[in-house]
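I have placed the structure first, in the form of structure tokens, so that the comments after it can refer back to it.
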Amino acid sequence: MAEILVLVDHVDGNPRKPTLELLTLARRLGEPSAVFLGAGGDTTIETLGRYGAQKVYVVDAPSVDEYLVTPAVDALTQIAASAEPAAILLPSSLDGKETAARVALRLGSGLITDAVDVTARDGGPVTEQSVFAATYQVTAHVTQGVPVITVKPNATAPEPAPATPAVEKVDVTFGPVSAAAKVVDRTPRTRSDRPELTEADIVVSGGRGVNGDFSVVERVADALGAAVGASRAAVDAGWYPHSHQVGQTGTQVSPQLYLAAGISGAIQHRAGMQTSKTIVAVNKDEDAPIFELADYGVVGDLFQVLPQLVDEIDRRRV
Amino acid sequence: MKIVVCVKHVPDATADRTFTEDGTTDRDSVDSLLSELDEYAVEQALRIGESGPDDAEITYLTVGPDDAKDALRKALAMGGDSALHIDDEDIRGSDAFGTSLVLAKAIERHGFDLVVCGMASTDGGMGVLPAMLAERLGVPAVTHLDEVTVAEGSVSGRREGETASVRVHSALPAVVSVTDRCGDARYPSFKGIMAAKKKPLESLDLSGLGIEPEQVGRSAARSAVDRAVKRPPRTQGEIVADEGAGGSGLAVFLTAKKFI
Ligand SMILES: Cc1cc2nc3c(=O)[nH]c(=O)nc-3n(C[C@H](O)[C@H](O)[C@H](O)COP(=O)(O)OP(=O)(O)OC[C@H]3O[C@@H](n4cnc5c(N)ncnc54)[C@H](O)[C@@H]3O)c2cc1C
Ligand SMILES: Nc1ncnc2c1ncn2[C@@H]1O[C@H](COP(=O)(O)O)[C@@H](O)[C@H]1O
């Protein structure tokens, strides 16, 4: 069976959840081979194997951390040239998408970005995408070269399929442009104890209506074991970090439950949340567009409704 | 210093956007405008021009049908010097590979020290064009910048990634893309709008760029849409007014749905 290259997204050697999802998807198309860039940790190979990687290509070169994107492009193109994979899957992150674009150009391949599902068909992979603020679902396939596909988080649930991967160290010859866009300084994001926005089953978001005080939103999130999201208005006001912004220019989420508090429901916000399974809104304006999408809505003051909700959750849980 | 700003004319995101029969974006049924995310690129280019080198010369570039000129006029009304419009029937239906080829040829022909793009177009929204441009031009790309500074032949900025915030630096020539967080775009003044009418706007077709028709357009596209299905619009559920028990009512709903 043909190899399917999967670019590993990791923090200090720990593969992030979307990588495990990619390995799971790759098994539908062929034999997953993980491409790992950087210095691995003790359990890196084992983790990749647990989710079905038959092979792990390791490129341990300082360049991959010192320069933006292009070292990964050199590495993937070089590995693809010898492995002749049937497809290349990457995470739909900033780096993932740009790496994919350049790899596709170099290989003469077609590219599909932001897939929310990938399945196998006779001629190769078929993808599903959500477009136009998630109002359309598009089915597409690559018609030229080795398909290069970036996949959004949560496209599938990671399923273990234990394997003992063959490890192959690769010496990559980096091109001149690879030493051009230099990473001068890197500040890792501080992790909270809450689930990550893209990975959470439940997201509780606050908007301008929160009026500067996100603690009321955080309390609901914690009662439900949810991630915290925010509208751009709330982020722009400096009430919550940008990494929590939901929408067109923030993160696109698709959880089981999305609770919007004090958010009007502008098209750019909807673009990031309207594929959620269940949507609940609390807003004091009964004409707020967010109610058009809501499976359940409360017209009221969030400072009354949310604390009562938390009390009620606590009461129901004892 | 030559700055080229890539701007796209896109269907209004607040209107109902659709597809045509052949699976390409329908550009006729809704009004189009300068992509809001490219206004940030225009703004940053203008600021770079204002802050630094007095020989800065700003040119806007678009690939699109005839009315894409509107996007160029809007940008020129904000500031800058000239515009370049690439239009050819054969470009219709191009994917990012085709579009990036046309943009790259036009940029090479014009000459550049810095190319400024938006973070993504608000219609296609792949966010890959700046990287493809850099690849084709053989120059570095510093993308998704929340802050950008150009000084002494180099560009630097801050990029918020998923797991870290990084400071990046590159020598020019380079391609950059900027986010909607790098500073609000200015509104064109009346004077600006009048001045824009007199600024040079050149139109070129494929032959002017030495591109063969087979290299672009739908036939050169490297992926194909099997189908585009409109999602059933979400239906509104129960909306209740809070009369003192709104939070409890919500808890009942969430319990029924097994979230509690
Ligand atoms: C290019 C572009 C990209 C954008 N990208 C994004 C994006 O990624 N994400 C995003 O969110 N936005 C984005 N926006 C902005 C978007 O257009 C809206 O401006 C933004 O979503 C509004 O945020 P909001 O709903 O919190 O604020 P508002 O629209 O001001 O709504 C606040 C709501 O809170 C309600 N409210 C006030 N007080 C209370 C109370 N005490 N109790 C209950 N309800 C209350 C009000 O009735 C109102 O409906 C983008 C815009 C552009 C142009
Ligand atoms: N047809 C076009 N003409 C000019 N610039 C474009 C065009 N398409 C995309 N761009 C530029 O590339 C950026 C990213 O676009 P995209 O990869 O389509 O999301 C945009 O913000 C523009 O700066």
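The sequence lines fix the lettering, A, B, ..., with proteins before strands; numbering per chain opens at 1. Just so we're clear, the structure is a prediction, and the values are computed from it rather than from any experiment. Heavy atoms only: backbone and side chains are in, while hydrogens, waters and symmetry mates are out.
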Options B:V229, B:V166, B:D146, ranked by heavy-atom pairs under 4.5 Å with chain A, top entry: B:V229
Are B:D242 and A:V299 packed together at the side-chain level, in the sense that at least one heavy-atom pair is separated by less than 4.5 angstrom? no
Among the listed options A:V305, A:D185, A:V235, the residue most often paired with chain B at heavy-atom distances under 4.5 Å: A:D185
Main-chain N/O of B:G244 paired to A:Q308 side chain as donor or acceptor, under 3.5 Å: yes
Chain B heavy atoms under 4.5 Å from A:S93: which part of the residue, side chain, backbone, both or neither? both
Check each atom of B:L129 against the heavy atoms of chain A and say whether the ones under 4.5 Å are side chain, backbone, both or neither. neither
Gap between atom OG of B:S223 and atom CD of A:Q129 - 0.5 Å precision: 8.0 Å
Who among B:R181, B:K257, B:R158 has the most heavy-atom pairs with chain A under 4.5 Å? B:R181
Proximity breakdown for A:V142 and chain B, heavy-atom pairs closer than 4.5 Å: both
Go through it in stages, so that I can follow the logic: the residues are A:E98 and B:T143, the test is side chain to side chain donor-acceptor pair (under 3.5 Å), and I'd like the CA-CA distance, side-chain angles, deciding distance and then a yes or no. CA-CA 9 Å; A:E98 291 184 17; B:T143 50; 2.7 Å; yes
Compute whether any side-chain donor of one residue and acceptor of the other, for B:T163 and A:R16, lie under 3.5 angstrom apart. no
Under a 4.5 Å heavy-atom cut-off, does chain B meet the side chain of A:V310, its backbone, both or neither? neither
Go through the atoms of A:R102 and report whether side chain, backbone, both or neither lie under 4.5 Å from a heavy atom of chain B. both
Contact class of B:V252 relative to chain A, heavy atoms under 4.5 angstrom: both
For A:T249, the option from B:T179, B:T122, B:D180 that meets side chain to side chain donor-acceptor pair (under 3.5 Å): B:D180
To the nearest 0.5 Å, how far apart are NZ in B:K258 and OG1 in A:T278? 12.0 Å
Any side-chain heavy-atom pair from B:V168 and A:K182 closer than 4.5 angstrom? no
Once you round to the nearest 0.5 Å, how far does NE2 of B:H144 lie from CG of A:L94? 4.5 Å
Are the charged groups of A:R106 and B:E135 less than 4.0 angstrom apart, N to O? yes
Among A:A181, A:G300, A:A100, A:A179, single out the residue with the greatest number of heavy-atom pairs under 4.5 Å to chain B. A:A181
Residues A:S109 and B:R222: side-chain donor-acceptor under 3.5 angstrom: no
If we define contacts as heavy-atom pairs under 4.5 Å, which of A:R232, A:R186, A:Q268, A:H242 has the most with chain B? A:H242
Which of the residues A:L306, A:I279, A:D311 is involved in the greatest number of heavy-atom pairs with chain B at under 4.5 angstrom? A:I279
If you look at every heavy atom in A:T143 and B:A224, which pair is closest and at what distance? CG2-CB, 3.8 Å
Going through the checks in order, is the side chain to side chain contact (heavy atoms under 4.5 Å, CB included) test met by B:R231 and A:T275? CA-CA 10 Å; B:R231 279 173 182 274; A:T275 56; 3.5 Å; yes
What part of A:I112 gets closer than 4.5 Å to chain B, counting heavy atoms only: side chain, backbone, both or neither? side chain
At what distance, to the nearest 0.5 angstrom, does CD of B:E162 lie from CG of A:L197? 11.5 Å
Residues B:R234 and A:L293: closest non-hydrogen pair is NE-O, 3.4 Å
Is the shortest side-chain N to carboxylate O distance from B:D226 to A:R121 below 4.0 Å? yes
Using side-chain heavy atoms (C-beta onward) and a distance below 4.5 Å, is B:V128 in contact with A:T113? yes
Should we say atom NZ of A:K152 is surrounded by more than 12 heavy atoms from elsewhere, each under 6.0 Å from it? yes
Do you know which of A:Q144, A:R189, A:E292, A:Q248 has the most heavy-atom pairs under 4.5 Å to chain B? A:R189
Given B:P140, B:S248, B:G246, the one with more heavy-atom pairs under 4.5 angstrom with chain A than any other is B:S248
Quick check: do A:D295 and B:E238 have side-chain heavy atoms less than 4.5 Å from each other? no
From CZ (B:R227) to CD (A:E128), nearest 0.5 Å: 6.0 Å
Measure A:I267 against the heavy atoms of chain B and call it side chain, backbone, both or neither at under 4.5 Å. side chain
Measure from the side-chain N and O atoms of A:K97 to the backbone N and O of B:G127, and report whether any donor-acceptor pair falls under 3.5 Å. no
Show your working on side chain to side chain donor-acceptor pair (under 3.5 Å) between B:T255 and A:R316 and close with a plain yes or no. CA-CA 9 Å; B:T255 306; A:R316 281 169 188 259; 3.3 Å; yes
Flag yes if more than 12 heavy atoms outside B:D184 fall under 6.0 Å of its CG atom; otherwise flag no. no
Using side-chain heavy atoms (C-beta onward) and a distance below 4.5 Å, is A:Y296 in contact with B:I239? no
Would you mind checking which part of A:D95 comes under 4.5 Å of any heavy atom in chain B, side chain (CB onward), backbone (N, CA, C, O), both or neither? both
Hey, are the side chains of A:I202 and B:F259 touching, using non-hydrogen atoms and a 4.5 Å cut-off? yes
Chain A shares the most heavy-atom pairs under 4.5 Å, among B:S170, B:S165, B:G138, with B:S165
Does any backbone or side-chain atom of A:Q137 lie under 4.5 Å from a heavy atom of chain B? Answer side chain, backbone, both or neither. both
If you measure from CD on B:Q236 to CD1 on A:I290, what distance do you get to the nearest 0.5 Å? 11.0 Å
Are there over 12 heavy-atom neighbours, none belonging to A:D12, within less than 6.0 Å of that residue's CG? no
Side chain, backbone, both or neither: which part of A:A104 has a non-hydrogen atom closer than 4.5 Å to chain B? both
Specify which of A:K284, A:Q256, A:E196, A:R315 makes the most heavy-atom pairs with chain B at under 4.5 Å. A:Q256
Given heavy-atom pairs under 4.5 angstrom as the criterion, report whether the side chain, backbone, both or neither of B:A120 touches chain A. neither
Quick one, B:L250 and A:V280 - any side-chain contact, counting heavy atoms below 4.5 Å? yes
Take B:H169 and A:V183 through the test side chain to side chain contact (heavy atoms under 4.5 Å, CB included) and record every step on the way to the result. CA-CA 7 Å; B:H169 177 92; A:V183 174; over 6 Å; no
Could you look at B:A96 and say if it's the side chain, the backbone, both or neither that has a heavy atom under 4.5 Å from chain A? neither
What do the steps show when you test B:M132 against A:L111 for side chain to side chain contact (heavy atoms under 4.5 Å, CB included), and what is the final call? CA-CA 11 Å; B:M132 284 192 182; A:L111 165 71; 3.7 Å; yes
Side chain to side chain, B:D123 and A:V131, heavy atoms closer than 4.5 Å: no
If you tally heavy-atom pairs under 4.5 Å between each of B:M119, B:R159, B:E243, B:R136 and chain A, the highest tally belongs to B:R159
Minimal heavy-atom distance between A:V138 and B:A228, with the atoms involved, is CG2-CB, 4.0 Å
